[in-house]
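Below is one structure, written out as structure tokens; the observations come after it.
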Amino acid sequence: MTSETPLKFHVPEPASRPGGQPDFSNVVIPEAGSVRRPPVDVAPDEIRDLAYSIIRVLDRDGQAVGPWAPPLDQDDLVRGLRHMMTLRTFDARMQMAQRQGKTSFYMQHTGEEAVSCAFRIALSPGDMNFPTYRQAGLLIANDYPLVDMMCQIYSNERDPMKGRQLPVMYSSKEHGFFSISGNLTTQFVQAVGWAMASAIKGDSKIAAAWVGDGATAESDFHAALVFASTYKAPVVLNVVNNQWAISTFQGIARGGSGTFAARGLGFGIPALRVDGNDYLAVYAVAQWAIERARRNLGPTLVEYVTYRAGAHSTSDDPSAYRPKHESEGWPLGDPLLRLKAHLIATGAWSEERHKQTEAEILATVIAAQKEAESFGTLHAGGKPSARDIFEDVYAELPPHLRRQRQQIGV
């Protein structure tokens, strides 16, 4: 009788642990400009290879090369650099405020600024983002007031959310930023539904969904792919692969798919991977996917290959699960420094101008912080009024329903 082989339970392991040497040998990085740019109306099965490569524009000398180099002028790129610098400065001040006990919680974007800042400028007014908690660049690049962001973080009397959201879970319909969902990944399904509704109405607005790599393990991620592919929803499905969830490396959520972008292939969705630390590449891929959605060609799944340089949040200690200096070994560099190098290489920027801009942005952020801290405590009396609760929960009745209610004496 043949003996049976004992079964073995498999648990993916990261390449290195705390105390070890950073190892990114598994990240295969093609030369900048080497990945082809297909036409927007390409059939998904003709670009399966793009789900396994990485689209890059900026080379090691700071030059924009290849077919994906976008037609952004120097003024556009200078604004993009300022947006990323503002987000990083904002992060530093709010991280400090949390350490000083001025707010309970904060989440930094360090190393991921290009993803949201570049994507935002490819959108049009009225388009709607369904973000997760590390896309504040969508707001900053769309001129959302820093004071309002800070007031929500402080949960003070000027908090737009009136203390009913976590400090970093912003919301602004006017700025195309849907309320962040605290239930992980539900925003992916919401974005597809919103996009389907836009198509049903015959509107011209598209949606963008956002999740981190860890959230792709949730069932809502897969449900969103089913509906998006079936109904060709005008939506861009974004996965920010920053290598680590709150305490687990990306291999736990990725499983055997090889890449997160490859998840889209089984649904017939075109899938691209892009260097998430390359501002120009992010913009170019965003523009391609957005145009595809707007031309009724359906959804696109985009994986941004980046790195979370900081902690997951102020409640997290990454030294417990990854090497202390791992961020220094990340092969795709720092998005701010790479765009800065490009602008200097083209003569549009200089070290002196960069230092001046850093000082200007710091002064602006500090001034906004002082203003935000000047407002009093939310509900100083201890609780909201009955009118506040009613007006926040119940929509105002339209005129015809108000008339009907008056007629029946209710």
Side-chain angles (χ1 to χ4, degrees), residues 15 21-40 42 44-74 76-77 80-81 84 111-115 117-119 122 213 238-243 250 254 257-262 264-265 270-289 291-292 300-309 326-349:
Q21 292 297 316
D23 182 5
F24 290 108
S25 58
N26 62 322
V27 183
V28 180
I29 303 174
E31 289 293 323
S34 65
V35 177
R36 65 192 177 98
R37 187 185 191 279
V40 171
V42 66
D45 59 358
E46 294 180 13
I47 57 169
R48 292 178 64 87
D49 58 306
L50 298 189
Y52 297 96
S53 189
I54 300 178
I55 296 166
R56 303 177 65 226
V57 170
L58 292 175
D59 66 14
R60 298 184 185 281
D61 297 321
Q63 299 295 331
V65 297
W68 285 93
L72 290 171
D73 60 32
Q74 291 182 341
D76 291 329
L77 294 177
L81 181 60
M84 291 196 292
E112 302 178 40
E113 293 90 350
V115 174
C117 289
F119 190 94
D213 50 279
N238 297 305
V239 178
V240 182
N241 175 11
N242 62 17
Q243 311 305 309
Q250 60 162 312
R254 189 185 68 238
S257 66
T259 71
F260 292 101
L265 299 180
L272 309 174
R273 296 179 87 218
V274 60
D275 179 348
N277 289 19
D278 181 337
Y279 186 93
L280 278 78
V282 170
Y283 173 81
V285 168
Q287 189 181 49
W288 189 94
E291 182 182 350
R292 187 177 178 89
T300 303
L301 180 64
V302 181
E303 176 187 344
Y304 302 87
V305 183
T306 183
Y307 185 82
R308 169 168 61 78
E326 189 179 73
S327 62
E328 298 171 13
W330 175 241
L332 294 177
D334 182 311
L336 273 73
L337 297 182
R338 289 178 64 188
L339 184 55
K340 171 190 171 184
H342 171 66
L343 287 169
I344 290 176
T346 60
W349 204 245

Item to check | Evaluation steps, side chain to side chain contact (heavy atoms under 4.5 Å, CB included), between L72 and Q287 | outcome: CA-CA 11 Å; L72 290 171; Q287 189 181 49; over 6 Å; no
Item to check | Spacing of R37 atom CZ and L272 atom CG [to the nearest 0.5 Å] | outcome: 10.0 Å
Checklist entry - Would you find more than 12 non-hydrogen atoms of other residues, nucleotides or ligands less than 6.0 Å from R36 atom CZ? => result yes
Checklist outcome for this item: The side-chain hydrogen bond (donor to acceptor under 3.5 Å, both in side chains) partner of Y307 among E112, Q243, E326 is E326
Next on the checklist: Nearest 0.5 Å, please: how far is OH in Y279 from CG in L81?
Outcome noted: 9.0 Å
Next on the checklist: Whether the side chain of D278 engages the backbone of V57 through a donor-acceptor N/O pair (distance < 3.5 Å, no angle test) should be reported.
Outcome noted: yes
Checklist outcome for this item: Nearest heavy-atom approach of N241 to D213 is CA-OD1, 3.7 Å
Checklist entry - Looking only at atom types and distance, does a side-chain atom of D59 sit under 3.5 Å from a main-chain N or O of A32, one as donor and one as acceptor? => result no
Checklist entry - So which heavy atom on P30 is nearest to which on V28, and how close? => result CD-O, 3.5 Å
Checklist entry - Roughly how far, to the nearest 0.5 Å, is CG of L50 from CD of E303? => result 12.5 Å
Item to check | Minimum heavy-atom distance G333-N277, with the two atoms named | outcome: O-ND2, 2.5 Å
Item to check | Pair N242, T306: side-chain N/O donor-acceptor within cut-off below 3.5 Å | outcome: no
Checklist entry - Would a distance-only check, ignoring hydrogens and angles, find a side-chain to backbone donor-acceptor pair under 3.5 Å from E113 to G111? => result yes
Item to check | Residue pair A51 / L265: nearest heavy atoms and the distance that separates them | outcome: CB-CD1, 4.1 Å
Checklist entry - Which is it for L332 and R338 under the side chain to side chain contact (heavy atoms under 4.5 Å, CB included) test, yes or no, and what are the steps along the way? => result CA-CA 9 Å; L332 294 177; R338 289 178 64 188; 4.1 Å; yes
Next on the checklist: Any non-hydrogen side-chain atom of M84 less than 4.5 Å from a side-chain atom of P335?
Outcome noted: yes
Item to check | Side-chain donor/acceptor of R56 to backbone N/O of I29, under 3.5 Å | outcome: no
Checklist entry - Is there a salt bridge (charged side-chain N to carboxylate O under 4.0 Å, His left out) between K340 and D334 once you walk through the steps? => result CA-CA 10 Å; K340 171 190 171 184; D334 182 311; over 6 Å; no
Item to check | Under 3.5 Å donor-acceptor, R292 side chain and V42 backbone | outcome: yes
Checklist entry - Can any side-chain N or O of W68 pair as donor or acceptor with the backbone N or O of G33 at less than 3.5 Å? => result no
Checklist entry - How close do Q63 and A345 get, heavy atom to heavy atom, and via which atoms? => result NE2-CB, 3.7 Å
Next on the checklist: Looking at W330 and A309, would you say the former's side chain and the latter's main chain have a donor-acceptor pair under 3.5 Å?
Outcome noted: no
Next on the checklist: Would you say that V35 contacts I54 through its side chain, given a criterion of any heavy-atom pair below 4.5 Å between the two side chains?
Outcome noted: no
Checklist entry - If you take all heavy atoms of A286 and F119, which pair is closest and at what distance? => result CB-CD1, 3.4 Å
Checklist entry - Run the side chain to side chain contact (heavy atoms under 4.5 Å, CB included) check on Y283 and D76 step by step: do they pass? => result CA-CA 11 Å; Y283 173 81; D76 291 329; over 6 Å; no
